[in-house]
Every structure is written in C-alpha cells, then in structure tokens.
Amino acid sequence: MTDTPTRVLSDDELDLVELALGGALSASSLAAALPGVPADVVLTDAENTPLARLTALPGELSGVLEPLKPVPAAIGPQWDAAVRRPARAVRAALGERPGATPSRASRCSSPRSRPARSSTPR
C-alpha cells in the first residue's frame, strides 16, 4: 500500500461506509460525517483491513468512494442476503429518487393506515 493515510472506523462509521457504498450517501456526505478525515484516506475496520478509499472534501459536491474489499458480515438473520440490499436497489424497486419521501396518497392508501372504527356509538 502507498503512504495514503488511514482511518480506523467505529461501528457507526462502518455503517455509514456501507450506506455510501450502497448508494444511500454521497462520498462528500460521508466525508462530512467523518470529522478530521483528510481529502484522500483509506478507511479500515477495527482489524485494520482496508475497506474503501475516500477521495472527497466535506462540502464538495463531488467525491469518490472506491471499494477495496467487501464490508464484513456477521452471523444472524440481519445479515441474510435476502434482506440486505443496497440502498440503490431498494430505491429502484420503489421507483423513488434519492431523498424523496413517499407521497401522502401512497402513505394513506393502505387499509391499515387508519384504526378501525367501532360501529357502536359512544
């Protein structure tokens, strides 16, 4: 590896990197969430495994997050590939653009969105 500085990520920061690699965060948003990170840094896990290279400055609209190794997985149902999809895949399946919230009509269209009314008067 070169002389690129490294940053050992906390568990929360590792989650942010996973979201950014999945397309839910931009590289510049990730850089802004990592205080004191240099403009070019290799992000590592607690075991110092290089996971990604971040080239971005907080506040800039552009930046690059290059995956170096897959994000580590663990044991349990939350790590099942059937339920772990990248944010961009979920967004594509929903037909939403980044940062969009569901329309009021789609939030209220479910029959379960309102409590059932009693037929007896109060």
Side-chain angles (χ1 to χ4, degrees):
M1 190 177 273
T2 64
D3 293 331
T4 304
T6 60
R7 165 79 177 254
V8 178
L9 301 169
S10 68
D11 289 341
D12 291 339
E13 292 169 339
L14 187 59
D15 289 342
L16 290 173
V17 169
E18 184 178 5
L19 286 170
L21 288 171
L25 289 175
S26 67
S28 60
S29 296
L30 177 62
L34 301 174
V37 71
D40 186 23
V41 63
V42 172
L43 305 172
T44 69
D45 64 7
E47 296 176 353
N48 226 11
T49 304
L51 302 173
R53 182 179 188 142
L54 176 64
T55 307
L57 292 173
E60 287 188 1
L61 296 178
S62 62
V64 176
L65 182 64
E66 173 190 1
L68 300 176
K69 292 203 178 201
V71 175
I75 297 173
Q78 68 273 23
W79 292 97
D80 182 359
V83 297
R84 294 188 63 79
R85 297 185 347 190
R88 67 175 59 106
V90 173
R91 195 167 31 250
L94 295 174
E96 298 284 341
R97 65 184 188 281
T101 57
S103 68
R104 179 168 166 70
S106 67
R107 286 193 311 255
C108 297
S109 63
S110 169
R112 295 181 178 239
S113 63
R114 294 186 184 158
R117 294 187 181 191
S118 172
S119 59
T120 58
R122 293 186 185 212

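- Residues L25 and L16 are in side-chain contact: their nearest non-hydrogen atoms beyond the backbone lie under 4.5 Å apart.
- Considering only residues two or more places apart in sequence or on other chains, S10 meets the side chain to side chain contact (heavy atoms under 4.5 Å, CB included) condition with D12, E13.
- Residues V42 and R7 have side chains not in contact (no heavy-atom distance under 4.5 Å, counting atoms from C-beta outward).
- No option in L51, L43, L21 other than L21 meets the side chain to side chain contact (heavy atoms under 4.5 Å, CB included) test with P67.
- Listed by first and then second residue, the salt bridge (Lys or Arg N to Asp or Glu O under 4.0 Å) pairs that reach into residues 35-44 are D40-R53, sequence neighbours excluded.
- Summarising the geometry of L65 relative to V17, their closest heavy-atom pair is CD2-O, 4.2 Å, with the distance given to 0.1 Å.
- Applying the salt bridge (charged side-chain N to carboxylate O under 4.0 Å, His left out) test to D15 and every residue at least two apart in sequence or in another chain returns nothing.
- Counting only heavy atoms from C-beta outward, the side chains of L54 and L34 approach each other to under 4.5 Å.
- Listed by chain and residue number, T44 satisfy the side-chain hydrogen bond (donor to acceptor under 3.5 Å, both in side chains) test with N48 (two or more places apart in sequence, or in another chain).
- What you find for A27 and G63 is that their closest heavy atoms are CB-C, 3.6 Å.
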